[in-house]
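Data block below; observations after.
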Amino acid sequence: MDHILGVYETLEPNDFLAKVRVSEIAELKKDILIPLSELQGVREIKPILTVKEVKEQFWNIEEYDLHGY
């Protein structure tokens, strides 16, 4: 699905979080919510709608020193 920007496995109470970008609610329903709800094993979908991105930052894990060296 082209609208899905990322999928993340989460801890309780949910199993997965999908980050999607659409231009209107009808598109969200038609292209994301309905197809996902038809997948085997999907019991519930809880959309969270945002209206503005405040901050998103990426970092390179290879440059990050995990051991303090």
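Within the structure, side-chain hydrogen bond (donor to acceptor under 3.5 Å, both in side chains) pairs that include any residue of residues 5-17 do not occur (at least two apart or interchain). For residues 29-51, the side-chain hydrogen bond (donor to acceptor under 3.5 Å, both in side chains) pairs, not counting sequence neighbours, are His3-Asp31.
In the hydrophobic cluster analysis, where Ile, Leu, Val, Met, Phe, Trp and Tyr join through side-chain heavy atoms closer than 4.5 angstrom, Ile4 is grouped together with Leu49. Side-chain heavy atoms closer than 4.5 Å link hydrophobic residues (I, L, V, M, F, W, Y) into clusters, and following such links, even through other members, never connects Leu33 to Leu17.
Among the candidates Val20, Val22, Ile32, the single residue satisfying the side-chain contact (heavy atoms from CB on, under 4.5 Å) test with Glu27 is Val22.
Residues Leu36 and Met1 form a side-chain contact, since some pair of their non-hydrogen atoms from C-beta on lies under 4.5 Å apart.
Note that CD of Glu56 is 3.0 Å distant from NZ of Lys19, once rounded to the nearest 0.5 Å.
When hydrophobic side chains of Ile, Leu, Val, Met, Phe, Trp and Tyr are connected at separations under 4.5 Å, Ile34 ends up as a singleton with no cluster partners.
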